[in-house]
Protein chains: 2
Amino acid sequence: MDTKAKIAVLERAKLFGGLARDVLAASAESAQIKLIEKGSVLFQQGDEATSHYVVAWGRLRLDQTTPDGKNVVLRFMGPGDLVGSVAVWRGVPYPATPLAVEDTRLLVWSAARMMDLMQCHPPLSMKAMVMMGGRIEELQERIQQVATQQVERRIAATILKIAGQSGRKVETGVEIPFPVSRQDLAEMTGTTLHTVSRTLSAWIDDGILEGRRSSHLTICRPHRLVEIADQA
Amino acid sequence: MDTKAKIAVLERAKLFGGLARDVLAASAESAQIKLIEKGSVLFQQGDEATSHYVVAWGRLRLDQTTPDGKNVVLRFMGPGDLVGSVAVWRGVPYPATPLAVEDTRLLVWSAARMMDLMQCHPPLSMKAMVMMGGRIEELQERIQQVATQQVERRIAATILKIAGQSGRKVETGVEIPFPVSRQDLAEMTGTTLHTVSRTLSAWIDDGILEGRRSSHLTICRPHRLVEIADQA
DNA sequence: CGGCCGTTTGAATTGTTTCAAGCTATGTGG
DNA sequence: CCACATAGCTTGAAACAATTCAAACGGCCG
């Protein structure tokens with residue numbers, strides 16, 4: 001991947017999109033490329049934060065393991081998303097583990113290089129703040145969801161969020177183009193595999209969803225799902 | 001309050017602490033003072049974000065109301081805490097409502113002035129990013145809690161967090177120096193007033209806590225509460 | 001073919017909520 | 001100074017949503 005291709009990736013990244021040519025060029029030039037295979041992790045929760053990444057292709061699932069062994073899926077990440085940024089900026093260990101759910105290609109910067117870029121290009125740090133603010137609001141919304149809504153609504157909302165971020169239109173509806181297991185959904189909504197399975201089964205029976213027994217989920221009647229997600 | 005006093009407040013604020021003299025002076029000079037009474041709100045969730053605040057004295061509770069009328073307490077804020085920052089930087093409406101639970105005094109900047117300060121003083125925006133990163137981790141931890149732990153543990157952890165932020169040592173243990181109702185705790189932990197009441201009653205019977213019927217909560221046996229908070 | 005992993009589904013169990021009633025400080029107006 | 005109202009809290013009993021336990025199914029890979 002040459003600098004031109006790197007710039008193309010950066011333009012789609014939330015952190016870099018819309019920034020001046022010279023900032024992109026400076027950033028792209030100092031980026032390394034890293035490739036990881038489906039099923040392997042980029043780094044481990046608790047590792048020292050030495051690098052900062054931008055996803056070029058592929059998809060990652062961000063997992064957080066609790067001291068007592070339970071797992072929470074924080075989110076899925078795709079092209080343009082940032083990985084490890086917060087830990088690098090704060091100088092603390094990575095708080096979660098990104099696992100590739102597809103073969104994935106990323107741009108990499110060392111922590112020091114990233115800090116340099118930030119210092120030299122104020123628009124970059126402005127952008128970073130806006131982005132982090134967005135993440136804060138997202139997390140606050142999720143807390144509100146887990147704290148006040150019941151399971152069925154949370155599952156519906158979660159599926160819709162994933163579809164909104166990564167869904168593709170197909171003949172039968174909107175498809176999520178990478179595998180999302182019942183276990184994943186359980187760990188995103190704070191419930192159990194069993195409850196998710198039952199709920200999805202009911203929706204599939206109602207024709208709202210397609211995708212029994214793994215494969216890829218397809219939303220056939222998005223409108224119904226929205227109704228479930230924000231029913232009073 | 002003169003500029004000197006303002007600087008003293010800023011030095012204790014997370015955003016300004018440890019910054020160079022000239023940054024503090026420039027910031028303090030352009031700050032206005034605002035006083036609000038116990039029970040009144042600083043602004044309303046949904047209002048356009050026109051100002052950014054730092055708490056000088058007093059205490060606020062940050063509330064978020066859901067579309068269907070339920071309420072979530074995001075956190076309590078005291079001296080040195082920032083209010084409204086994220087919304088100002090992002091140029092979006094305030095996502096929550098800060099309510100004074102004591103008479104409170106704040107420093108105020110217009111959104112435009114705040115952005116100027118940020119642009120002119122890179123160390124300020126660096127500090128802001130580190131701070132926002134901290135908030136992101138805090139929120140992720142809370143999601144993990146609400147999603148995986150049962151109510152008793154969440155209540156224990158929440159009381160300990162409040163005590164850690166604002167607790168004062170007294171003869172009988174650690175006291176939370178402002179009123180925290182059972183309803184508040186319920187809205188922080190995603191449960192009901194009734195469950196909180198039952199749980200606290202049990203703890204008071206066990207001598208872990210003091211503070212039946214409102215008044216101020218005092219933790220008599222912090223160690224026991226920690227055990228409950230992180231029991232496997 | 002056989003084993004495995006993710007899933008489905010039923011039944012029993014439980015933590016938590018909901019419903020309902022009563023309590024106790026605190027404050028207010030007569 | 002005493003009824004009276006109020007706000008916040010407590011507590012029991014019933015109802016329920018979701019989890020846990022248990023077993024079996026189906027697709028896929030070696």
Side-chain angles (χ1 to χ4, degrees), chain A residues 38-39 61 63 68-73 99 101 145-159 176 178-206 208-218 228 231-232, chain B residues 38-39 61 68-73 99 101 145-156 158-159 176 178-206 208-218 228 231-232:
Chain A
K38 175 173 174 171
R61 190 185 70 208
D63 285 352
D68 54 304
K70 285 182 184 168
N71 207 54
V72 175
V73 175
L99 174 93
V101 296
Q145 268 196 15
V146 186
T148 67
Q149 298 178 182
Q150 52 188 52
V151 172
E152 191 181 42
R153 287 183 66 180
R154 305 204 302 260
I155 298 174
T158 302
I159 292 177
I176 294 172
F178 55 95
V180 178
S181 72
R182 322 281 143 150
Q183 182 72 42
D184 290 341
L185 286 171
E187 288 174 357
M188 296 186 83
T189 50
T191 182
T192 60
L193 158 64
H194 311 278
T195 301
V196 172
S197 179
R198 276 181 241 277
T199 308
L200 295 202
S201 289
W203 289 344
I204 291 167
D205 290 348
D206 289 358
I208 298 173
L209 234 57
E210 259 170 31
R212 276 218 187 261
R213 293 206 172 272
S214 119
S215 79
H216 292 182
L217 285 176
T218 304
I228 295 170
Q231 86 211 167
Chain B
K38 177 174 174 170
R61 190 185 70 207
D68 53 305
K70 286 182 186 169
N71 206 54
V72 175
V73 174
L99 174 92
V101 295
Q145 269 196 14
V146 186
T148 68
Q149 299 177 181
Q150 53 187 54
V151 172
E152 191 181 43
R153 288 182 65 181
R154 305 203 304 258
I155 298 175
T158 302
I159 292 177
I176 293 171
F178 55 95
V180 177
S181 72
R182 321 282 143 148
Q183 182 70 45
D184 291 340
L185 285 171
E187 288 175 358
M188 296 186 82
T189 50
T191 182
T192 60
L193 158 63
H194 311 278
T195 301
V196 173
S197 178
R198 276 181 242 278
T199 307
L200 295 202
S201 289
W203 289 344
I204 290 168
D205 290 348
D206 290 358
I208 297 174
L209 234 56
E210 259 171 33
R212 278 221 187 257
R213 295 206 172 272
S214 119
S215 78
H216 292 182
L217 285 177
T218 304
I228 295 171
Q231 86 212 164

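Quick note on labels: first sequence line is chain A, next is B, and so on, each numbered from 1.
Nucleotide C:dT8 holds its P atom 9 Å from the CG atom of A:Leu193, rounded to whole Å. B:Arg198 places its CZ atom 15 Å from the C1' atom of D:dG8, with the value rounded to the nearest Å. At whole-Å resolution of the value, CG in B:Leu200 and C1' in D:dT11 are 14 Å apart. Rounded to a whole Å, the NE2 atom of A:His216 is 12 Å from the P atom of C:dT7. In this structure, B:Gln150 places its CD atom 11 Å from P of C:dT17, rounding to the nearest Å. Atom CZ of B:Arg153 and atom P of C:dT16 are 12 Å apart (whole Å). Rounded to an integer number of Å, the gap from CZ of B:Arg212 to C1' of D:dT11 is 10 Å. As a whole-Å value, the separation of A:Gln149 CD from C:dT16 C1' is 18 Å.
Rounding to the nearest 0.5 Å gives a distance of 6.0 Å between CG of B:Asp68 and OG1 of A:Thr148. Note that CD1 of A:Ile176 and NE2 of A:His216 are 10.0 Å apart. Values are rounded to the nearest 0.5 Å. Note that the NE2 atom of B:His194 and the CZ atom of B:Arg182 stand 13.5 Å from one another [nearest 0.5 Å]. Once rounded to the nearest 0.5 Å, the distance linking CZ of B:Arg153 with OG1 of B:Thr199 reads 14.0 Å.
Out of D:dT10, D:dC25, D:dT19, the shortest distance to the side chain of A:Thr191 is found at D:dT19. Comparing atom distances between the B:Val151 side chain and each of C:dT18, C:dT24, C:dT16 picks out C:dT16 as nearest. Checked against C:dC23, C:dA20, C:dT7, the side chain of B:Arg213 finds its nearest nucleotide in C:dC23.
Distances shorter than 4.0 Å separate some side-chain N or O of B:Thr192 from OP1 or OP2 on C:dT17. Between B:Ser197 and D:dC9 there is no side-chain N or O to OP1 or OP2 distance below 4.0 Å.
Residue B:Ser201 is classed as a sugar-phosphate contact, given heavy-atom separations below 4.0 Å to backbone atoms only. Among the heavy atoms of the strands lying under 4.0 Å from B:Arg182 are primed sugar atoms or P, OP1, OP2 only; no base atom is included. Residue-level contact check: B:Ser181 touches the backbone only, with heavy atoms under 4.0 Å from sugar-phosphate atoms and none from bases.
Side-chain N/O atoms of A:His194 and base N/O atoms of D:dT20 include no donor-acceptor pair closer than 3.5 Å.
In this structure the side chain of B:Ile159 never reaches within 4.5 angstrom of the side chain of B:Val180, judged on heavy atoms.
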